[in-house]
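This report concerns only the one structure given below.
Sequence positions, counted from 1, serve as the residue numbers for this chain. Predicted, not measured: the structure shown is a model, and the values here were computed from it.
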Amino acid sequence: MSASSDQRTALYSRIFIAIYTILMTPIGGAILFCVNLRNTGRLKSIPFVMLGAMVFEYFHLQMILHNHTGRTDVIFVPSLIFAFLLSFPVWRLLLRGIPPYKLLPAWVPLIIMAIVWLGIIAYFNI
């Protein structure tokens, strides 16, 4: 069987989604998770995942804006929590029973992440 005839569904891995969530906010991880939902035909779950990520990120942003102590854990701990939730209980609930899958290449999300972070760094260094 050649690589081009591989009919397995292509998904982003749990680990990649978790890392992306930590580095690019819960919304970034939720977008990748929703790509997995789309690729498995579970379209009805996409609005709930995105709504959950936006609500979570709203409260996360409120925590950051009201952080007058300068503690960095306020930035990273909520992202770690969301990464764990998305990669384990939500994955098990919404992607239960998927057959073996092939990995989607991570290049496009990594390029987007690099552009965003370079833009942020450039903006704050001006």
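Ring planes of Phe56 and Phe82: tilted class, angle from 30 to 60°. Using bins of under 30°, 30° to 60° and over 60° for the plane-to-plane angle, the ring pair Phe88/Phe84 lands in the tilted bin.
Heavy atoms only, all atoms of each residue included: Met54 and Ile27 are closest at CG-CD1, 4.2 Å. Here the closest heavy-atom approach between residue Val49 and residue Ala30 is recorded as CG1-CB, 4.0 Å. When all heavy atoms are compared, the tightest approach of Ile17 to Gly29 is CG2-O, 3.8 Å. Ala10 and Asn39 make their closest contact through O-ND2, 2.8 Å (heavy atoms, listed as atom of the first residue, atom of the second, distance). Summarising the geometry of Val74 relative to His60, their closest heavy-atom pair is O-NE2, 3.4 Å, with the distance given to 0.1 Å. When all heavy atoms of Pro109 and Pro105 are compared, the pair lying nearest together is CD-O, 4.2 Å.
Distance alone, capped at 3.5 Å, places no donor-acceptor pair between the Thr9 side chain and the Tyr101 backbone. In this structure a side-chain-to-backbone donor-acceptor pair under 3.5 Å is missing from Arg14 to Trp91. A distance-only check finds a donor-acceptor pair linking the side chain of Asn67 to the backbone of Arg71 [under 3.5 Å]. Checking side-chain atoms of Asn36 against main-chain N and O of Leu11 turns up no donor-acceptor pair under 3.5 Å.
Between the CD1 atom of Ile81 and the CG atom of Leu86 there is a distance of 13.5 Å, given to the nearest 0.5 Å. With rounding to the nearest 0.5 angstrom, the CD1 atom of Ile115 is 12.0 Å from the CD1 atom of Ile120. We find the CE-OG distance between Met50 and Ser45 to be 13.5 Å, quoted to the nearest 0.5 Å.
The cluster map of Ile, Leu, Val, Met, Phe, Trp and Tyr, joined by side-chain heavy atoms under 4.5 Å apart, puts Leu85 and Ile22 in different clusters. No path of Ile, Leu, Val, Met, Phe, Trp and Tyr side chains, each step under 4.5 Å between heavy atoms, connects Phe76 with Tyr20, placing them in separate hydrophobic clusters. Hydrophobic cluster membership is shared by Leu37 and Leu93, with clusters built from Ile, Leu, Val, Met, Phe, Trp and Tyr side chains linked at under 4.5 angstrom. Residue Phe48 is not grouped with residue Ile31 when hydrophobic side chains (ILVMFWY) are merged at heavy-atom distances under 4.5 angstrom, including chains of intermediate members. A single hydrophobic cluster is seen to contain both Ile112 and Trp117, as judged by linkage of ILVMFWY side chains at heavy-atom distances under 4.5 Å, directly or through other members.
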Discussion item. Using the rule given for side-chain contact (heavy atoms from CB on, under 4.5 Å), can you reason through Thr21 versus Phe33, listing the C-alpha separation, both sets of side-chain angles and the distance that settles it, and then say yes or no?
Written reply: CA-CA 10 Å; Thr21 300; Phe33 191 87; over 6 Å; no
Item to complete: List the steps and the verdict of side-chain contact (heavy atoms from CB on, under 4.5 Å) for Leu94 and Arg42.
Response: CA-CA 8 Å; Leu94 298 179; Arg42 298 166 188 207; 5.8 Å; no
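Heavy-atom contacts from other residues, nucleotides or ligands closer than 6.0 Å to CG of Leu43 number more than 12.
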